[in-house]
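What follows is one structure encoded as structure tokens, with my remarks underneath.
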Amino acid sequence: MSALPRDFYEREAEAVARALLGTILVTRIGKEERRARIVETEAYVGEHDLACHAAKGNTPRTRVMFGRAGHAYVYLVYGMHELFNVVTGPDGVAQAVLVRAAEMDGMPARHASGPGKLARALGITREDYGRDLCAKRRVWLEPGPPPEAIAATPRIGVDYAGEWAAAPLRFIDASSHAVSGKRPRG
DNA sequence: GCGTCGATGGCA
DNA sequence: GCCATCGACGCG
């Protein structure tokens, strides 16, 4: 299976966030390959989006977001969790999509539901900062079965972002049981 | 089932 | 001082 091509990522972050649902995130970091079907994403749409790290400007941390689409943006939050994002949009426009949850082969859903847990389960770290996801090396994405229905909600953990806190830029596979947060009752 | 809180480190 | 989080704990 071939990696998603550059032009998949060279669209607005919201479109990419939706299109990423159902795709397969693949890592080959140790000797073993791990595959996970993405079921939850969030779009961070540019420097004007107060929840987007790029709103702080072009810094050593945010630099990759200002570059070409299809590269990994990985960073540390709360001193302990590494979060995996993909850079989107035209070169020079700072956007990214955070991958928040996935369904992983042979793993209970709760171990890959939540952005910190997902990156940990796949072995993604800050060493992957700036990695070209179109190069199919260590971390990449492949086509996968799209969701039957997509739901949109506000993004998680961005209450500081003023009007942008309420923007419906979180997208989930409505029928997945691996979405982060509350489990469906059953 | 809920709300609250501590851990922990890079960053501006 | 602030976080794009998580898990443990206390409550009842």
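All chains are named by letter (A, B, ...) in the order of the sequence lines, taking the proteins before the strands, and each is independently numbered beginning at 1. What you see is a predicted model, and the numbers here were worked out from it, not measured in a lab.
- Summarising the geometry, the separation between CD on A:Q95 and P on C:dA4 is reported as 18 Å, rounded to the nearest angstrom.
- For the pair A:H53 NE2 and C:dC3 C1', the interatomic distance rounds to 7 Å; values are reported in whole Å.
- Following rounding to the nearest Å, A:L98 (CG) and C:dC3 (P) show an atom-to-atom distance of 16 Å.
- Using modelled atom types, one finds no donor on one side chain facing an acceptor on the other under 3.5 Å when comparing A:T27 with A:R34.
- A cation-pi arrangement is found for A:R11 relative to A:F8, the charged atom lying closer than 6.0 Å to the ring centre and inside a 45° cone about the ring normal.
- When each of A:S176, A:S180, A:S113 is paired with A:E40, the side chain to side chain contact (heavy atoms under 4.5 Å, CB included) condition holds for A:S180 and for no other.
- Of all nucleotides listed (C:dT5, C:dA4, C:dG7), C:dG7 comes nearest to the side chain of A:K117.
- A:F171 has its CZ atom 19 Å from the P atom of C:dA4, to the nearest Å.
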Q: Between protein and nucleotides 7-12 of chain B, map the contacts as a letter string: B base, S sugar-phosphate only, - none, heavy atoms under 4.0 Å, written 5' to 3'.
A: BBBS-S

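- Whole-Å rounding puts the A:L50 CG to C:dC3 P distance at 12 Å.
- Under the 3.5 Å distance criterion, with hydrogens and angles disregarded, no donor-acceptor pair is assigned to the side chains of A:E82 and A:T125.
- A:Y44 has its OH atom 12 Å from the P atom of C:dC3, to the nearest Å.
- Atom C1' of nucleotide C:dA4 and atom CZ of A:F84 are separated by 14 Å, given to the nearest angstrom.
- Here CG of A:D91 is found 8.5 Å from CD of A:E10. Values are rounded to the nearest 0.5 Å.
- With a 4.5 Å cut-off on side-chain heavy atoms, A:W164 and A:H48 count as touching.
- An OP1 or OP2 oxygen of C:dG7 is reached within less than 4.0 angstrom by no side-chain nitrogen or oxygen of A:R110.
- In this structure, A:R63 forms no cation-pi arrangement with A:Y129, as its terminal cationic atom is not both closer than 6.0 Å to the ring centre and no more than 45° off the ring axis.
- Pairing for B:dT4 goes to C:dA8, judged as Watson-Crick or G-U wobble with the two contacts each under 3.5 Å.
- The interatomic distance linking A:E82 (CD) with C:dC3 (C1') rounds to 15 Å, in whole Å.
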